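Below: one structure, written as structure tokens.
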Amino acid sequence: MPYHVASENAPAAGRSYYLTTPIYFVNGRPHLGTAYTTVAADALARAMRLDGRDAWLLTGLDEHGQKVAQTASAQGISPQQWVDSVAPLFIDAWRDLNVSYDDFIRTTEERHVRGVQHFFNTLYECGAIYKSVYQGYYCVPDETFFTDEQLAEFALAAEEAGGAAKNESGEWLCPDCGRPLSFVEEENLFFRLSDYAEPLLAHYRGHPEFICPEIRKNEVVSFVQGGLRDLSISRTSFDWGVPIPFAPGHISYVWVDALINYLSAIGYGSDDPADQALFTRRWPAQIHFVGKDIIRFHCVIWPAMLMAAGLPLPEKVFAHGFLLTKGEKMGKSRGNVMQPLELARHFTQDGYRYYFLADIQFGADGSISLKRMLQVYNADLANSWGNLCSRVLNMTNKYLGGEIPELWPKTYAALSRKLGNPLGELAEALYDKYIAAFEAIDYAGALAAVLELVDRANLYIEETAPWTIAKEAQKETEAALAAGISLDDAKAPTINDQLCFVLYNLLEAIRVIALYYAPVMPASSCEIWRRLGLGDPLALSNLKAASTWGGLEAGGRIEVGDALFPRKTEADVGIG
RNA sequence: CGCGGGGUAGAGCAGUCUGGUAGCUCGUCGGGCUCAUAACCCGGAGGUCAGGGGUUCAAAUCCCCUCCCCGCAACCA
């Protein structure tokens with residue numbers, strides 16, 4: 001079920017902010033890697049929406065290719081039946097991880113087929129595609145061709161490494177995956193990729209932010225500098241793919257098919273003026289999220305295809321690193337394989353999302369482990385953030401009868417001068433830091449900035465010791481009562497005012513913190529806001545205004561509730 | 001010359017581009033507090049920044065060499 005942006009909230013004329021994940025190949029279920037990309041994209045999309053951008057998040061499935069056809073036939077069902085049976089696994093997984101995608105595209109959908117065909121026609125008409133006979137080796141599982149030259153290089157390398165480029169039966173092995181290659185001879189359509197090396201290099205130079213992080217850009221640049229070969233973009237040996245209109249018997253190479261999803265999902269190739277308007281509004285994409293293994297497709301082939309078709313290029317391709325599980329002995333036999341949904345059950349949706357975004361530098365490889373995940377969960381979420389909420393809500397309940405305190409602006413200003421307001425100051429400075437971090441796709445940085453405010457608030461409680469103020473305030477109240485005077489008539493702030501001041505600041509701090517945490521931890525943030533008597537923070541589209549200090553209205557009642565992130569032990573999460 | 005990542009306190013990392021008292025989180029030890037999820041706050045211990053050489057007034061950071069580890073085999077991102 002797609003998540004719908006409240007378009008009334010979004011600035012009507014503002015630029016769309018279009019983000020994509022790769023479309024995932026259906027030969028398997030969602031795993032840690034796909035979940036990582038998808039959750040990261042979701043967090044950015046939510047942050048952008050919260051900041052008033054018209055964000056549009058696309059994910060989906062890559063359902064074509066020979067491997068799919070083979071898997072289906074092994075199961076004795078049609079390819080369509082097979083992909084239909086797999087698609088719900090992804091849809092359910094993204095729902096369970098609280099991914100707010102706006103659209104979910106499947107390459108077997110008619111809108112996509114239409115888009116791919118339109119794209120092929122466009123390239124054909126402008127002469128970017130030609131026909132030629134291919135004779136040589138082909139890796140069926142990878143759907144990749146290899147030239148004699150490539151195989152010769154591979155043989156040389158294999159020999160030096162003490163391995164072999166051929167198996168016992170004398171068949172060539174795939175340089176990429178090591179499985180045997182097939183010899184094929186077929187007529188293929190080729191895309192003139194070789195024409196684009198210079199234009200691509202010029203683009204990289206002119207748009208230093210196009211490929212991130214930098215290390216990946218360097219890789220791509222040196223690859224392209226080595227020269228590009230024309231790319232075979234059609235297949236004739238099987239038919240599970242998009243038929244190419246002007247070449248009967250030919251279907252699209254899966255990668256070309258797959259890349260076009262970024263266009264077909266937003267109306268490309270449609271005759272409907274509404275679709276065309278949508279396309280104009282959304283394209284070019286602001287960011288394609290990809291794993292570092294597929295940067296060549298996204299940073300070389302894809303932009304070259306777009307150049308050929310006369311379309312603008314996406315603003316950024318961000319390649320994140322891999323999650324490494326070294327050190328942690330895992331395996332199906334041990335029964336402790338890290339499965340996204342299982343981890344989310346242990347640590348809650350929010351705990352899961354937080355861990356991967358806060359503890360790993362997005363863009364670099366990260367080592368992950370259950371043990372570390374438990375540490376981060378307990379330290380940041382249970383002890384720091386969750387416990388802060390408990391402390392503040394409990395004290396408000398205990399000392400103020402659960403009511404958000406009212407202070408005259410005059411009193412508040414006087415107390416700020418007298419006692420200082422470190423939380424307000426830090427909170428006001430948070431917006432710029434937070435947005436800058438998100439713009440740099442630095443989740444760890446953004447979350448660390450929020451955690452600073454959490455830590456400062458916990459310290460603030462120690463500094464102000466509300467329990468001590470409460471006792472004095474109690475005495476003050478009793479004394480006033482005995483003397484028959486009202487504290488309301490006091491000229492200077494009373495001790496009771498001081499107590500209200502401190503607790504108001506703390507309540508306001510948790511309101512603001514929850515707001516900033518919302519893109520990464522939607523469920524718990526929403527719950528905190530509910531306990532403060534507020535609505536869903538994610539329905540807002542004005543982060544700056546919403547986070548302005550003093551936004552919490554007095555008079556409302558709070559609800560204490562249970563621990564937001566209960567502490568967990570190793571036994572709870574199955575370590576041991 | 002296969003490609004790529006990396007070696008900084010017990011663990012995980014930042015700092016390296018733009019040289020200048022070695023920093024963060026967790027753990028650990030001691031103390032404080034009591035509002036709270038045995039949580040929170042303060043303080044301490046713990047590192048010759050893999051090794052060697054060079055440049056420099058000064059190197060974790062720049063240059064050269066050596067050693068070691070990891071991914072490229074999986075549900076692959």
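Predicted model only: the values in this text are computed from it and were never measured. Letters go in sequence order (proteins before strands), and every chain restarts at 1.
Applying the salt bridge (charged side-chain N to carboxylate O under 4.0 Å, His left out) test to every pair with at least one member in residues 388-405 of chain A, sequence neighbours left out, gives these pairs: Arg391(A)-Glu462(A).
In this structure, the NE2 atom of His320(A) is 15 Å from the C1' atom of rG4(B), given to the nearest Å. Between the P atom of rU37(B) and the CG atom of Asn387(A) lies a distance of 7 Å, rounded to the nearest Å. The interatomic distance linking Glu570(A) (CD) with rA11(B) (C1') rounds to 13 Å, in whole Å. With rounding to whole Å, Ile461(A) atom CD1 is found 9 Å from rC41(B) atom P. To the nearest angstrom, P of rA77(B) lies 8 Å from OH of Tyr24(A). Taking atom CZ on Phe90(A) and atom C1' on rC76(B), their separation rounds to 11 Å, with Å as the unit. One interatomic measurement links the two molecules: NE2 of His298(A) to P of rA77(B), which rounds to 11 Å at whole-angstrom precision. Taking atom CZ of residue Arg296(A) and atom C1' of nucleotide rA77(B), one finds them 16 Å apart after rounding to whole Å.
In terms of position on RNA chain B, the residue among Asp359(A) and Val392(A) whose nearest nucleotide sits closer to the 5' end is Asp359(A). Checking Leu388(A) against Glu462(A), the closest nucleotide of RNA chain B that is more toward the 5' end is the one next to Leu388(A).
Paired runs in RNA chain B that reach 3 or more consecutive Watson-Crick or G-U pairs, where each pair keeps both distances under 3.5 Å, cover B:2-7 with B:67-72, B:10-13 with B:23-26, B:28-32 with B:40-44, B:50-54 with B:62-66.
Below 30°, between 30° and 60°, or above 60°: for Tyr101(A) and Phe104(A) the angle between ring planes is between 30° and 60°, a tilted geometry. Using the six-membered ring where Trp is involved, Tyr377(A) and Phe565(A) have ring planes that are perpendicular, over 60° apart on the 30 and 60° scheme.
For Tyr36(A) and Phe362(A), the ring centers sit closer than 6.0 Å to each other. The distance between the ring centers of Tyr262(A) and His288(A) falls below 6.0 angstrom.
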Quick one: side chains of residues 437-450 of chain A, donor-acceptor pairs under 3.5 Å with protein atoms, not counting sequence neighbours, listed by atom name and distance.
| from | atom 1 | to | atom 2 | distance (Å) |
| --- | --- | --- | --- | --- |
| Asp442(A) | OD1 | Gly445(A) | N | 2.9 |
| Tyr443(A) | OH | Ala40(A) | O | 2.6 |

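On a pure distance criterion of 3.5 Å, no polar donor-acceptor pair joins the side chain of Asn383(A) and the base of rA39(B).
Remark: Arg296(A) is positioned above the aromatic ring of Phe223(A), its terminal NZ or CZ atom under 6.0 angstrom from the ring centre and at most 45 degrees off the axis.
The Arg372(A) side chain lies nearest to rG12(B) when the options are rC35(B), rG12(B), rC75(B). When distances run from any side-chain atom of Leu459(A) to the nucleotides rA77(B), rC41(B), rA36(B), the shortest one goes to rC41(B). Distances from the side chain of Ser384(A) to the nucleotides rA77(B), rC40(B), rC42(B) place rC40(B) closest.
Side-chain N/O atoms of Arg567(A) include one lying less than 4.0 angstrom from OP1 or OP2 on rA39(B). Distances shorter than 4.0 Å separate none of the side-chain N or O atoms of Asn458(A) from OP1 or OP2 on rA39(B).
Looking at heavy-atom distances under 4.0 Å, Gly33(A) makes contact with a base. Pro566(A) comes within 4.0 angstrom of a base, heavy atoms only. Ala379(A) comes within 4.0 angstrom of the backbone, heavy atoms only, and of no base.
Residues satisfying the salt bridge (Lys or Arg N to Asp or Glu O under 4.0 Å) test with Lys568(A), not counting sequence neighbours, are none. With sequence neighbours excluded, the residues forming a side-chain hydrogen bond (donor to acceptor under 3.5 Å, both in side chains) with Arg372(A) are Asp359(A), Gln375(A), listed by chain and number.
Comparing the C1' positions of rG15(B) and rU21(B) gives an interatomic distance of 15 Å, to the nearest angstrom. Separating the C1' atom of rG53(B) from that of rG71(B) is a span of 31 Å, rounded to the nearest Å. Using atom C1' as the reference point in both rA9(B) and rG47(B), the two lie 5 Å apart (nearest Å).
Note on Glu508(A) versus Arg511(A): salt bridge recorded, some NZ/NE/NH1/NH2 to OD/OE distance being below 4.0 Å. Using a cutoff of 4.0 Å between basic side-chain nitrogens and carboxylate oxygens, Arg456(A) and Glu452(A) are not scored as salt-bridged.
Taken residue by residue, residues 398-407 of chain A places heavy atoms nearer than 4.0 Å to RNA chain B at Lys398(A), Tyr399(A).
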